[in-house]
Amino acid sequence: MMDALIFVLAGAFATATPLLLAALGELVVEKSGVLNLSVEGMMALSAAIAFMVTLQTGSHLVGFVAGGLSGALLATVFAVLVLGFMANQVAAGLAVGILGLGLSGLLGRSFEGMTLPGLGKIALPGLSDIPVLGRILFTQDVVVYAAIAATALVAWFLYRTKAGLTLRVIGENPNTAHALGMRPVGVRFLAILFGGVMAGFAGAYASTVLTPLWSQDMIAGRGWIAVALVVFGTWRPGRVAVGAYLFGAVSLLGLALQAMGIGIPAQIMTCLPYVLTIVVLVAISADKVRVRLNAPAALGESYRPAS
Amino acid sequence: MSFLGFTVLSRTETSPLALLAVPLVTVVLSIITMVVMFSALGADPGVVLYSFFIEPLSSSYNLGEVLIKASPLILIAQGLAIGFRARVWNIGAEGQLIIGAICASLLPIFWSDSESAWMLPGMIVVGALAGMAWAGIAAYLKASFNASEIIVTLMLTEIAKQVLYYLLTGPLRDPSGYNFPQSVMFPDAGLYPTFGGDGVRANLSVIITLVVTIGCWIFVTRSFAAFRLMVGGVASDAARYAGFSQRRAIWMSLLIGGAAAGLAGVGEIAGPIGKLQPILSPGYGYAAIIVAFLGGLHPVGIFFAGLFMALVYVGGDIALVSAGIPASAPVVFQGLLLVFYLASYFFVRHEVRRVPQDTRLRGAA
């Protein structure tokens, strides 16, 4: 019983890491006022490319770089559509997402079923010797720790730096921001690019570390969960991280319960994050004040630069 | 905004020529990109083009396949377009399709020895209502709590998939099916009649789609309700001033879209599949969004866009065998279509003009 619980809690951090990485990227994008629904496709393409590169070079680091770059590449296509051609953000996100899924399948079919060596766990000296907690919190791979650091960095950037303030202003009202001398198009482009790189890292982690065995449906809806997480965390980095670990634990809990012979259908556990997201969305949307405090006001609206 | 003496100007009127040119340019650009891509992958471009665009039209069996794939795409896209014109973003048609199929399948699964002529009409009604109800959840949450229908319909799609998997591993699984996650085969009374000759799988859903298309065309061009919907989406303040309700636009858009998707779900299980199984559609719910846009959100445009998209699906299956093109090629092509469409649509709303330096100065002064 105790072992099962430790397994769930320790595994939850790794399971949650791709969700957290992608959600942090999407959070920054949405804070700049852009809704990018192509996370699933960006993750799928970068998962394939990172797997391919890691297989060739034997280096996870190079694989991650390649994954980040391929996420950025698709994000650039999205950015050109919504910023350059002022296309509808929902449609553009779906278009780029579908493109990414297709390309992932195209590239991935040559290494169907192949495996990679995983990434070693790092036991933090001293801390990992703490009974129970040590095995849960302090014996993880390097990316798990990096994701936690990334959460803090994103929070610091958004709420403690001038650049973060600029980004948030643009997400609230790009026209006012422009009148104040800020550059909405440039800032949004950088935000979208950051979202692409983070989705790329998330994809790379999923395919080269978490389940280093290639299968066609590698990402399996995790990009959508990342989009949901941003809403679930009400656009706050800390809450997004808590949500990611919660969703990670819930998805593993299903497996653990099955292993212990407790008959809750796995599908109900899988549904839980989606249901919770709807509940949170309804709760925050119904209260207009709380929406104003958290959701970027200009989310999803095209911005046409004044001529 | 000007660049090298070129300036982007908003068009005050959208040119009808551009509206027609955009889908054509989109298709040509996508085909060129695909040919370049597959040549790079080592496939013969001639064979690929032939497999994709000629062979699907070359036999009555293939034509039938194009029609039964076009039906759900057109059906769903017609429903979605009504919502998109009102700026209601139902992107969960895939989930509404699944729920429609599940509920409709209850009739032939529980009355699997029935020969009743009421079976099919029953399935059609139940499927459409179920799709409607699933989309209705999003409509209720949007209309009453202002919860984004984009996120809710997306989440509901993922939930619908899990509901389907759950039912197929337990309650609806064929008891003598060696534990495969699928239902019993439907009786003939629960299958759409086919037409077009021996072995051709074109069926009733093609007729239903035609009827719905004509109905939508009349609705969109002739009815006041459609006008109110559109105004509500484009200018909600004007709509409120005129007494048109935005709430009603949300409900109508989602319910119509859900019903169409549910109906498409019935078409799959009562058509080529003939039972309930884990995979009911190759992403028709998402592809239909592309069809709706490519068709300019107009019933007639959607009809042709749907036929074209079906060609890509069937052509992709053929090219898989003849040219060794991977199964995900049609997906890439779909993505390219929407990317190019969105880029070229820019020129419907804007024009790029070379403005002489001095005029610009005078204009500024």
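To find a chain, count down the sequence lines: A is the first, B the second, and so on, and within it residues start at 1.
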Between Thr169(B) and chain A, which part of the residue has a heavy atom less than 4.5 Å away: side chain, backbone, both or neither?
-> side chain
Highest number of heavy-atom pairs under 4.5 Å with chain A among Thr157(B), Val339(B), Val152(B), Leu337(B) belongs to Val339(B)
Between Ala138(B), Ala329(B), Pro330(B), Ala147(B), which has the largest tally of heavy atom pairs under 4.5 Å with chain A?
-> Ala147(B)
For atom CD1 of Ile279(B), decide whether the heavy atoms of other residues, nucleotides or ligands shown that lie under 6.0 angstrom number more than 12.
-> no
Partner residues of Phe145(B) under the side chain to side chain contact (heavy atoms under 4.5 Å, CB included) criterion, sequence neighbours left out = Val282(A), Ala286(A), Tyr140(B), Leu141(B)
Chain A shares the most heavy-atom pairs under 4.5 Å, among Ala287(B), Pro326(B), Ser344(B), Ser148(B), with Pro326(B)
Does Leu37(A) reach the side chain of Ile150(B), with side-chain heavy atoms less than 4.5 Å apart?
-> yes
State, with a plain yes or no, whether a side-chain heavy atom of Phe85(A) is found less than 4.5 Å away from one of Phe347(B).
-> yes
Kindly compute the distance separating CD (Gln267(A)) from CG (Leu164(B)), expressed to the nearest 0.5 Å.
-> 9.5 Å
Could you pull out every donor-acceptor pair under 3.5 Å between side chains of residues 217-232 of chain A and any protein atom, sequence neighbours left out?
unit_1	atom_1	unit_2	atom_2	d
Arg222(A)	NE	Ile219(A)	O	3.2
Arg222(A)	NH2	Met218(A)	O	2.8

Quick one: what part of Leu336(B) sits under 4.5 Å from any heavy atom of chain A, side chain, backbone, both or neither?
-> both
Is the count of non-hydrogen atoms from other residues, nucleotides or ligands lying under 6.0 Å from Arg173(B) atom CZ greater than 12?
-> yes
Determine whether more than 12 heavy atoms belonging to other residues, nucleotides or ligands lie under 6.0 Å from atom CZ of Phe111(A).
-> yes
Which atom names give the shortest non-hydrogen contact between Gly102(A) and Ser328(B), and what distance separates them?
-> O-OG, 3.4 Å
How long is the span from the CE atom in Met86(A) to the OH atom in Tyr345(B), to the nearest 0.5 Å?
-> 13.5 Å
Interface moiety of Val77(A) toward chain B, non-hydrogen atoms closer than 4.5 Å | side chain
Phe84(B) CZ to Asn88(A) CG distance, which is reported to the nearest 0.5 Å = 8.5 Å
Measuring heavy-atom distances to chain A, does Ile137(B) have an atom under 4.5 Å in its side chain, in its backbone, in both, or in neither?
-> neither
Below 4.5 Å, heavy atoms only, C-beta onward: do Ile98(A) and Ile290(B) meet side chain to side chain?
-> yes
Decide side-chain contact (heavy atoms from CB on, under 4.5 Å) for Ile278(A) and Leu156(B); before the verdict, give the C-alpha distance in whole Å, the side-chain angles of both, and the deciding distance to 0.1 Å.
-> CA-CA 9 Å; Ile278(A) 293 179; Leu156(B) 285 174; 4.0 Å; yes
Measure the CG-CD1 distance between Leu35(A) and Ile151(B) for me, rounded to the nearest 0.5 Å.
-> 6.0 Å
Between the CE atom in Met37(B) and the CG atom in Leu106(A), the distance rounded to the nearest 0.5 Å is 5.5 Å
Considering only heavy atoms, which portion of Phe293(B) lies under 4.5 Å from any heavy atom of chain A: side chain, backbone, both, or neither?
-> side chain
Chain B contact via Leu81(A) - which portion, at a heavy-atom distance below 4.5 Å = side chain
Check whether Leu272(A) gets within reach of chain B through its side chain, its backbone, both or neither, counting any heavy atom under 4.5 Å.
-> neither
Rounded distance [0.5 Å steps], CG in Leu342(B) versus CG in Leu94(A) | 9.5 Å
